[in-house]
Amino acid sequence: MKSTRLVTALAAAGLVAAAPAVAQQTVKFPNIIELSGAGATVGTNWRNGVELAVSEINAAGGILGRKIVTEHVDTQSNPGTARAAIQRALDDNPVVIFGPIYSGSVKATMQLTADAGVPQIIGGEAADLTAQGSKFIFRTSFGQNVSMPKLANYLRDEVKAKSVAVIYVNNDFGKGGRDAIMKELQARNIKVAADLSTESGQADFAADVIKIKAANADAVFVYLNEEESARFLREVKKQGVSLPLVGETTLLGQKVIDLAGDAANGVRGHVGLTVDAPVPAMQEFGRKFQAKYNYKPDHNGVKGYIAPYMVKAAAEKAGKLDPKAIASALHGLTITPDKTPGILIEATWDTTGEIDRISFLAEVQNGKQVITKTLPKLKP
Amino acid sequence: MGEFIQLVVTGLTTGAIYALAAIGFTLLWQTSQTINFAQGEFVMLPAFFALAAMNVLGLPFSLAALVAIALSVLVLGVVFKTVVVDPLIRQGVLPLVISTIAVALLLKDGVKEVYSAEAQPFPSFVPDTVVTVLGTPVSLSQLGVLAVALAVIAALQGFLGGTRTGRQMQATAQNPTVARILGVPVERMVMYTFVINATLAAVASLLISPIYLAKFSNGEHLGLAAFVAAIVGGFNQVRGAIAGGLLVGVVDNLAAAYVSAAYRQAVPLALLVLIILFRPQGLLGRREERAV
């Protein structure tokens, strides 16, 4: 397993020589994420977002006077590897664990953090993650139970689709999204013209696009991971399909636009987090990220960035860096940008760890994501 | 019917690329008894040579493609033969096979560490335009890929059968001892084989990467597909590798459409098992007798 360490300037300078003294002044956040395999794009964005936030927090004095040291551990996009990594991280009694991002890896690990009583700040979006009773799971983005009703409304009201072809990735993320959108489409009397399963890491989408063409649907709902979304869009363009392509953030994200090029133009849907949002703090984050890493972050970069700020706000509310106290503080907590600017957009966590905040409808135009509408919080 | 024709055409397109890699497999086996399990990574790597030429040297895609082919000939042809194959082939086939697996891991992790673990966009030679052929809409870029792959295969066949050097290479493949007695420079012919394999791998890489996106892990699937294609077609015949590649491409695509995406790789493997059971020399291969 590959493990890389980001050691802050303070730790790098003095940690080895004065380990016992400095250890009390630092707090370690294990960051267990997808840095290779199918989720490499996702994990790299998240890692860079975390690094950026940690450097800002440390520069401003840390959390309750303690500087953060992050340890990035690669799950190789594999749930089994993720589980072993989290088990190892828990042996060090961490205050919090960041990641994983893939829902399958979250499912494989969430019982471990629940048993240990350590808050797990996740990137997973599968609907059932927050429905399993864990008091230590906290989302950084909407679950599918929140985003799919918005997408189904969009298909009915904006796209005016009477029939939809659904293509999804056969993993926990994709199956969760597929099940959720099916339920919502059925509730709105929208016919499902095709129901196509694809594989994680799939390289060739020619056969799938031919099946979609044959389905004669009014629109296509695409629920794949980022790299697969880009390959799919390139194949769609190659085969001259002109149907409306609708999806979530994993279809409209910057990485997909970068990989798919012109083929991403015209794609539309619902996005929870984007640096193109008409929110100055979000745009400023995008500029800082671009300046440091030389590319535009996608929603996973934003998710990674807000994770340390979530912990900071919760620890300050609790008054101590204690895992159970932080978890307790996060339940029902609303973090606002005026008090915690790094949170970027006001967000509230309920008692299951579900997040609520504003979101956006977007369309890709000329290689850029353009926000067309802002949707309010579910519980303003 | 239109859907079926489109599936066959797109299958032939990827199959032609598999065939390029499979031909390399058979060529190396015939001339030097090298089973190259790094063949998939040989197809993955040239795309990154091209990307580096574009992004670091600022070259246009056409020039970057030529740089990629030249570097592939050097690294995957000359260096691979000189540094890996020549010293190890004397120890027998098994150590060499294991070494090629090590080469595959080295190339894969090398690209991941040096370039990126993330997929990279890769330009296409042919624009994404749809044309109608016999009432069926077909992608021009797919036809372009198919045409380029088939043209390269035809050129190779012409070279092997129609030139003195090509015939010397065939003689080397059939019986290197007799070829040496007849004055054929066997060592040079074997080197040519490695160079041709590297060139075919580079062309396959430039054709497949716009579809797959350039990624360090692409070799896993491509190597397996090429290996299956070579076995199915006949490991000791170039024409077998061509037929095997095309067949695996079409079967793979039809399986994805009519069976399921989850089993698309299993169906060609099932085909492989059937071929080994009922026609072990492959569809177009030649039975080889061995005396004890």
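We use all heavy atoms of the structure for the numbers below, so side chains are in, but hydrogens, waters and symmetry mates are not. Below, chain A is the first sequence line, B the second, and so on; all start at residue 1.
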Subject >> Heavy-atom contact with chain A under 4.5 Å, split by part of B:P127 >> reply: neither
Original post:
Do A:Q239 and B:S139 meet the criterion of a side-chain donor-acceptor pair at a distance under 3.5 Å?
Top reply: no
Original post:
Which answer fits B:S116, side chain, backbone, both or neither, if we ask what part of it has an atom under 4.5 Å from a heavy atom of chain A?
Top reply: neither
Original post:
So which residues of residues 35-46 of chain B are in contact with chain A at a heavy-atom cut-off of under 4.5 Å?
Top reply: none
Subject >> Distance, nearest 0.5 Å, that separates CD of B:Q6 from CD1 of A:I210 >> reply: 5.0 Å
**OP:** Apply the test side-chain contact (heavy atoms from CB on, under 4.5 Å) to residues B:L213 and A:R234: give CA-CA distance (whole Å), side-chain angles for both, the deciding distance (0.1 Å), then the verdict.
**Re:** CA-CA 10 Å; B:L213 303 173; A:R234 287 171 82 117; 3.6 Å; yes
**OP:** Salt-bridge test for A:E199 and B:R264: reply yes if a basic N is under 4.0 Å from a carboxylate O, no otherwise.
**Re:** no
**OP:** Can you tell which part of B:S141 gets under 4.5 Å to a heavy atom of chain A, answering side chain, backbone, both or neither?
**Re:** side chain
Subject >> Toward chain A, the part of B:T10 with a non-hydrogen atom under 4.5 Å >> reply: side chain
Subject >> Region of A:D258 in contact with chain B, defined by heavy-atom distances below 4.5 Å >> reply: backbone
**OP:** Count the heavy-atom pairs under 4.5 Å between each of A:G240, A:A206, A:G201 and chain B, then report the option with the highest count.
**Re:** A:A206
Subject >> Spacing of CD belonging to A:E226 relative to CD belonging to B:E118, to within rounding of 0.5 Å >> reply: 10.0 Å
Original post:
B:Q120 versus chain A, heavy atoms under 4.5 Å apart: side chain, backbone, both or neither?
Top reply: backbone
Original post:
Is the number of heavy atoms from other residues, nucleotides or ligands within 6.0 Å of OH (B:Y263) greater than 12?
Top reply: no
Subject >> Proximal component of A:Q202, with respect to chain B [non-hydrogen, under 4.5 Å] >> reply: side chain
Subject >> Heavy-atom pair count under 4.5 Å with chain A, highest-scoring of B:Q142, B:K215, B:Q265 >> reply: B:K215
**OP:** Check each atom of A:E227 against the heavy atoms of chain B and say whether the ones under 4.5 Å are side chain, backbone, both or neither.
**Re:** both
Original post:
Contact part of A:S197 toward chain B, heavy-atom cut-off under 4.5 Å: side chain, backbone, both or neither?
Top reply: backbone
Subject >> Nearest-0.5 Å distance that lies between atom NE2 in B:H221 and atom CG in A:D204 >> reply: 7.0 Å
**OP:** Could you tell me the separation between the NZ atom of A:K238 and the CG atom of B:L140, rounded to the nearest 0.5 Å?
**Re:** 11.0 Å
**OP:** Give a yes or no on this: more than 12 heavy atoms of other residues, nucleotides or ligands lie within 6.0 Å of atom NZ of A:K368.
**Re:** no
**OP:** Mind ranking B:Y258, B:F122, B:F216 by heavy-atom pairs under 4.5 Å with chain A and telling me who comes out on top?
**Re:** B:F122
Original post:
Shortest non-hydrogen contact from B:A117 to A:A40?
Top reply: O-CB, 3.5 Å
Original post:
Which pair of non-hydrogen atoms, one from A:R231 and one from B:A119, has the smallest distance, and what is that distance?
Top reply: NH2-CB, 4.4 Å
